[in-house]
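To keep things clear, I will list the structure first and then write my remarks on it.
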Amino acid sequence: SSSNTESWGSRVGLVLAMAGNAVGLGNFLRFPVQAIQNGGGTFIIPYLVCFLLMGIPLLFVEWSMGRFGGKYGHHSTPFILDSMSKQAFWKYIGVFGIFTNLAVAAYYCYLESWTLGYIWHSVAGTFDGQTRDEVANFFTNYTSLSDAQPIIFWVICLLLNTWILSRGLSGGVEKVAKIGMPLLILFGVILAIRGVSLQPGTNNALYAGTDGLNYLWTPDFSTIWSPKVWLAAAGQIFFTLSVGMGSIQCYSSYLRSRDDVALNAMSAGWMNEFVEVCLGGAIVIPITVGYFGIDGMLELVNKVGGLGLGFRTLPFLFQQWGPFLAIAASVMWFGLLFFAGITSSLAMGTPCMGFLQDEFGWKRENAAWAFGATVGILGLPTVLFFNYGVFDEYDHWAGTVSLVVFAFFEIILFAWIFGMKKGWEEITRGADIKVPIIFKYIIQYVTPVILGWVLIASMPANWDKIMNTGLYAQIAAATDPAVIANLEKTIMYQNIARIGLLALWIGIAVLVYIAYRKRLREGRFTH
Ligand code: PHE
Ligand code: NA
């Protein structure tokens with residue numbers, strides 16, 4: 001706690017920073033793609049159930065855990081968790097809360113940098129006169145690094161994050177959120193209206209934007225019990241709310257011990273869902289369907305996967321508005337994404353910075369550089385081997401699975417070890433709303449059971465992934481030697497990515513162990 005005595009500037013600033021943490025590329029790019037990959041109407045029911053039964057309870061839990069640990073001068077999950085129990089092992093569960101942020105930041109910052117690249121290309125007129133398919137293919141070009149530009153924008157993005165982080169919470173993070181969040185909502189509303197009102201024949205669209213909405217909102221019960229869909233829905237809820245990550249605990253550890261958490265948590269959480277469901281669900285899917293139809297959209301997503309859909313399809317729409325408006329609209333859309341992204345990647349930087357400051361007395365600036373450098377090293381494979389699925393591999397293990405694992409353990413700690421009686425006191429102390437008592441029981445019984453079910457039920461699919469079962473099947477079915485060579489390379493890079501992530505986790509655990517020994521030597525207790 002020596003060098004780390006920051007706090008938030010104001011309540012509005014805190015809520016906007018927390019909303020900025022949550023509202024991110026997940027809302028505009030990841031949500032639509034997850035929904036599409038999991039059948040649209042099949043996805044949305046598990047998604048909403050996960051929000052109510054896991055998302056909201058975990059927001060209460062994480063906000064209050066963070067404020068609790070903050071009292072003892074902890075700003076990252078290893079020692080926040082440690083302060084809640086006498087058992088030594090919880091601090092190693094807390095390793096996830098640093099690990100995930102670094103590993104997600106590693107691919108997230110690359111994604112964030114595409115927005116700068118696309119603004120650049122829109123202004124430079126790259127898309128002028130291109131056909132629908134040319135615009136879509138440009139993304140493949142961009143990410144296959146046919147020139148050095150994507151790397152330059154990526155480095156700019158890393159430096160920008162590092163610089164803002166080095167300016168601290170109220171001086172850096174909070175300021176960016178106060179400018180970025182209102183702009184983002186304004187741009188989002190404009191684009192959502194455009195998406196939903198797209199009609200065949202206008203703007204050269206072939207289908208209606210509302211076809212896309214129907215695809216998403218017509219419930220489909222045929223695969224409702226598929227564990228894969230539930231893991232994806234749970235993963236998306238965690239990712240989008242930033243729960244199961246450690247970044248909420250970090251932000252709320254800078255609260256004072258009697259500050260409200262209940263209302264703040266709900267404000268930021270519901271703001272995120274509004275942006276995701278009402279804006280994020282009404283831009284990429286309707287506009288893509290408008291130009292490609294449902295089948296075309298499915299093909300785009302399945303062929304190349306991942307989060308690039310909003311880059312492949314929107315610039316073509318903007319082209320229909322003439323050169324000047326096309327630039328304005330691109331700046332609006334990619335600017336929106338940029339603000340959404342940076343307020344989130346800043347949040348990913350704070351847990352590891354807090355850890356270095358608390359445990360090793362690092363100065364904030366140096367801690368920010370440590371974050372920038374780590375993310376640069378970890379991110380390099382996602383940049384260089386993007387087309388071998390490394391990026392999606394990070395997103396699966398760090399951006400989906402480990403959130404669910406961490407959330408499962410932390411809620412057991414909170415409700416059963418720390419104890420629900422004390423836990424409920426933490427949630428309600430200083431609360432500016434009356435938290436419905438039902439959440440006490442949901443947190444204690446329902447959330448852990450669903451989390452446990454999702455974890456166990458998704459094990460076979462995860463095992464197949466580790467064994468590369470799907471890729472080997474593709475190899476067995478392929479005849480073209482070039483295709484086979486490509487698949488073999490994919491397997492190799494994905495294995496390397498997994499080993500790298502594992503090494504990161506172990507590295508952080510070793511640092512936690514060293515920090516713990518140091519505390520014992522110095523007689524600094526965690527609580
Ligand atoms: N919630 C953010 C999004 O939706 C992502 C994020 C993950 C932010 C982890 C902070 C920490 O894009
Ligand atoms: Na989000």
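Atoms within each ligand, like the ligands themselves, are counted from 1 in listed order.
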In ligand 1, which numbered atoms sit nearer than 4.0 Å to a non-hydrogen atom of [X]?
{"X": "Asn101", "value": "11 (C)"}
{"X": "Gly26", "value": "3 (C), 4 (O), 12 (O)"}
{"X": "Leu25", "value": "12 (O)"}
{"X": "Thr240", "value": "1 (N), 4 (O)"}

Of the backbone atoms (N, CA, C, O) and the side-chain heavy atoms from C-beta on, which set of Phe239 has a member under 4.0 Å from an atom of ligand 1: side chain, backbone, both, or neither?
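It is both backbone and side chain that touch ligand 1.
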Would you say [X] has an N, O or S atom lying under 3.0 Å from the Na ion (ligand 2)?
{"X": "Asn272", "value": "yes"}
{"X": "Ala22", "value": "yes"}
{"X": "Ser242", "value": "no"}

Return a yes/no value for [X]: is any of its N or O atoms, backbone included, closer than 3.5 angstrom to an N or O of ligand 1?
{"X": "Ala22", "result": "yes"}
{"X": "Asn272", "result": "no"}
{"X": "Ser242", "result": "yes"}
{"X": "Asn27", "result": "yes"}
{"X": "Leu241", "result": "no"}
{"X": "Val104", "result": "no"}

Looking at Glu365 and Arg167, does any basic side-chain N land under 4.0 Å from a carboxylate oxygen?
no
Lys/Arg-Asp/Glu bridge criterion (N-O < 4.0 Å) met for Asp260, Arg67:
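Not counted as a salt bridge, because no side-chain N and carboxylate O are separated by less than 4.0 Å.
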Quick one: sort the Phe311 and Phe334 rings into parallel, tilted or perpendicular, breaks at 30° and 60°.
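Answer is parallel, since the angle falls under 30°.
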Give the ring-plane orientation class for Phe79 versus Phe355, where under 30° counts as parallel, over 60° as perpendicular and anything between as tilted.
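Correct class here is parallel.
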Check: Thr240/Asn272 side-chain N/O donor and acceptor closer than 3.5 Å:
yes
Any idea which protein heavy atom is nearest [atom], and the distance to it?
{"atom": "atom 7 (C) of ligand 1", "result": "Met245 CE, 3.3 Å"}
{"atom": "atom 10 (C) of ligand 1", "result": "Asn21 OD1, 3.2 Å"}
{"atom": "atom 12 (O) of ligand 1", "result": "Tyr108 OH, 2.6 Å"}

Within 45° cone of Phe239 ring axis and under 6.0 Å: Arg30 NZ or CZ:
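Yes; both conditions hold, so Arg30 lies above the ring face of Phe239.
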Side chain to side chain contact (heavy atoms under 4.5 Å, CB included) with Leu53: which of Val446, Leu451, Ile237?
Val446
Only one of Val284, Ile190, Thr115 forms a side chain to side chain contact (heavy atoms under 4.5 Å, CB included) with Trp333, so which one is it?
Val284
Tell me if the centroids of the rings in Phe339 and Phe187 come within less than 6.0 Å of each other.
no
Centroid separation Tyr118 to Tyr142 less than 6.0 Å
yes
A student comparing Ala103, Gly399, Ser247 should find that the heavy atom closest to atom 11 (C) of ligand 1 comes from Ser247
Residues, nucleotides or ligands: over 12 heavy atoms within 6.0 Å of Trp453 CH2:
yes
To the nearest 10 degrees, calculate the angle at the Na ion (ligand 2) involving O of Thr240 and OD1 of Asn27.
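Reported to 10°, the angle equals 170°.
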Search all heavy atoms of Ser242 against all heavy atoms of Ser247 and return the closest pair with its distance.
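Looks like CB-OG, 3.8 Å.
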